[in-house]
Amino acid sequence: MQPLDRRQFLTTMAAGTSFWAVTGAPGLAPDVHHSRGAGGGGGGPRRPSGLADPAFRPLPLGSIRPRGWLERQLRLQAGGLSGHLDEFWPDVGRSQWFGGAAEGWERAPYWMDGAIPLAWVLGDARLQAKASGYVAEIVRRQRSDGWYSPVANAPSGRPYDPWAVLLANKMLVQHHQATGDDRTFRAVEASLKALAPSIARTPLFRWGKYRWFEGLIPIYYLHERTGEAWLLDLARTLRAQGTDYAALYAGEGVTVPTPRRGRWTWDKHVVNTAMAPKAAALSWRLDQGSQDREFPARMLAILDRYHGQVTGMFTGDECLAGRNPVQGTELCAVVEFLYSLEILSSVFGDAAFGDRLERVAFNALPATFSPDMWAHQYDQQVNQVQCTINPDHMWTTNGPESNLYGLEPNFGCCTSNMHQGWPKLVAHLWMTTAEGGLVAMAYAPSEARFQSRGVPIVVTLDTDYPFRETLSLTVAPDRPVAFPLLLRVPAWAEGATLEVDGAPQATMRPGTFHRLEREWRGPTRITLRFPMQPKVSLRYHDALAVERGPLVYSLRLEERWTRVNADQPHRELPHGDFEVQPASPWNYGLVLDPTAPLEGLRFEERPVGERPFSPEGAGVRARVSGRRLPDWKMEHGWTAEIAPEPPASSEPMEELTLVPYGCTNIRVTEFPRVA
Ligand SMILES: [Zn+2]
């Protein structure tokens with residue numbers, strides 16, 4: 001448990017009207033108005049310090065370890081770009097943050113923001129030593145005035161945008177939490193002390209203005225350990241100077257898709273957008289404002305309505321780009337949105353944010369990497385049948401290489417920022433309540449170690465979820481102890497069941513946290529089953545998308561990979577750049593009975609592969625009938641617009657194979673319905 005005071009937990013079962021019960025936000029599950037019960041949050045306590053507790057608190061970094069397919073995925077990551085980027089990519093390896101002459105802005109801190117949790121969730125000694133070495137170098141090079149060393153290299157007289165400093169401090173507190181190294185803590189404290197007078201002189205602008213709330217994460221971390229009031233003053237100043245997203249989303253500008261070769265704007269920048277949902281949650285901890293409580297769900301609903309994708313993401317290449325499934329989403333937005341959802345789940349304790357977290361993590365995140373995690377895209381498309389160097393592209397503001405799998409396609413931000421996705425998910429699977437309870441916020445095979453009332457407890461989850469419906473949980477306390485176990489029941493899991501040591505329990509309500517309160521003695525085995533009813537959803541231009549549980553399904557295409565850019569620097573294998581083209585037909589429409597679409601779908605389970613998110617490693621397949629649509633062709637190197645009217649086809653009926661979206665590298669996900 002955290003070394004924190006344990007003042008009484010007051011937020012449980014908070015009174016007040018749920019936003020979703022009133023408005024039915026379309027972007028969230030329909031019955032999320034049930035989801036507030038366990039988490040509370042709304043109308044929470046006003047603490048003497050002014051900082052309200054989160055509904056659920058993440059466990060200290062390193063308390064949760066991946067198992068099963070999740071461990072294989074994290075080991076692939078550590079063996080791929082994430083574990084080796086500093087060894088050959090100058091913008092990290094020779095960063096000004098470490099005394100080199102390369103980039104001295106966000107790239108090294110971005111990489112460490114993922115490499116640190118990766119090292120500690122895996123218990124990877126090599127990566128831990130490497131990360132600690134870089135942290136020590138940053139701390140050693142910190143100037144006596146508190147600024148980190150690259151800031152000295154900013155041209156004198158020009159105002160400095162402190163975004164990279166906010167990012168570095170957010171990264172460094174993770175290292176302190178994992179290691180307890182006091183030098184890291186003091187470095188962050190000195191940096192924040194230098195920041196306060198600086199932003200009083202030169203208020204936030206550019207990136208710092210749009211990302212002010214990231215600075216609250218290290219500020220709160222220090223405040224919870226020191227109680228120093230100036231830290232919360234600094235948090236309030238950042239908020240006052242930063243972008244007010246609720247005001248921004250009261251206007252219509254953010255609803256308009258950016259046109260092809262359109263204008264790049266701060267307001268519609270997709271990474272700013274993906275980071276922003278956490279702003280209100282962090283702000284709420286300062287003064288429990290009712291607008292802060294309701295705004296994140298409203299923001300997501302607006303994004304879903306105007307830019308939403310079936311993966312749970314929104315488009316942005318790299319400004320918000322509408323619902324068309326070819327328009328694409330930048331990888332930085334995917335990993336930042338996951339982290340926003342982890343903060344929202346923790347602060348407000350809403351089951352719906354956990355549902356959304358799983359949807360993005362199990363679909364959009366894995367899809368945008370090569371299965372070995374040595375290559376990634378800048379933009380992934382929901383309908384993406386080829387990834388090529390394409391000067392005729394339809395991106396809004398991105399370049400011709402944006403959907404290549406490579407080292408730094410289009411721009412190197414994602415190369416440095418992509419690493420946080422999986423490890424921070426692991427670190428937020430389980431959380432604790434102030435009353436000593438444990439919360440299952442998101443499900444994947446894992447082990448969590450925590451203490452309740454001074455008793456050490458190990459909780460183990462063995463499962464191939466989300467590829468399977470059954471989850472086996474073992475709760476093993478050192479000695480008998482009573483505490484509540486809160487199990488998130490996904491909103492889609494109608495008929496969810498629970499057995500404790502083989503005895504069936506009361507049914508669980510979807511979209512809530514099911515509370516299991518008992519005295520735990522010895523190892524207790526719990527079996528959860530979340531029935532995954534298939535679902536066919538209507539998307540852009542009434543196209544059809546197949547979903548089941550948290551997974552979205554896509555047409556499996558044969559792939560032809562071709563190496564490109566071999567003459568570019570730092571493109572030695574295995575981290576080269578690759579085009580991917582289809583080696584099998586892609587232009588199918590689905591043939592489904594509109595009155596009973598599910599009868600045309602058949603799912604079969606297969607072993608989850610060594611590479612869980614690869615076409616051949618897919619743990620589930622679906623079969624569905626379809627016909628070729630000869631008039632659905634390529635345009636500008638992409639699949640042409642889906643016609644609003646269902647097309648007819650006289651081509652023969654074929655049985656199509658769908659696999660989870662995250663297992664594909666090229667795909668069709670939103671299909672025309674054959675008339
Ligand atoms: Zn990026």
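Remember, it's 1-based here, ligands and their atoms both numbered in the order they're listed.
Residue-level check: among N/O/S atoms of E330, OE2 sits closest to the Zn ion (ligand 1).
The cationic group of R305 does not satisfy the cation-pi geometry with Y249, failing either the under 6.0 Å distance to the six-membered ring centre or the 45° limit from the ring axis.
Inclusion of E318 in the first shell of the Zn ion (ligand 1) is not supported: no N, O or S atom falls under 2.8 Å.
Rounding to 10 degrees, one finds that the Zn ion (ligand 1) sits at the corner of an angle of 110° between C413 SG and C332 SG.
Residue pairs satisfying the salt bridge (Lys or Arg N to Asp or Glu O under 4.0 Å) criterion with at least one member in residues 412-428, sequence neighbours excluded, are listed as follows: D113-K424.
Aromatic ring orientation, Y148 versus W97: tilted (interplanar angle from 30° to 60°).
Scanning for ring-ring contact (aromatic ring centres under 6.0 Å, His included) contacts around W120 gives H175, with sequence neighbours left out.
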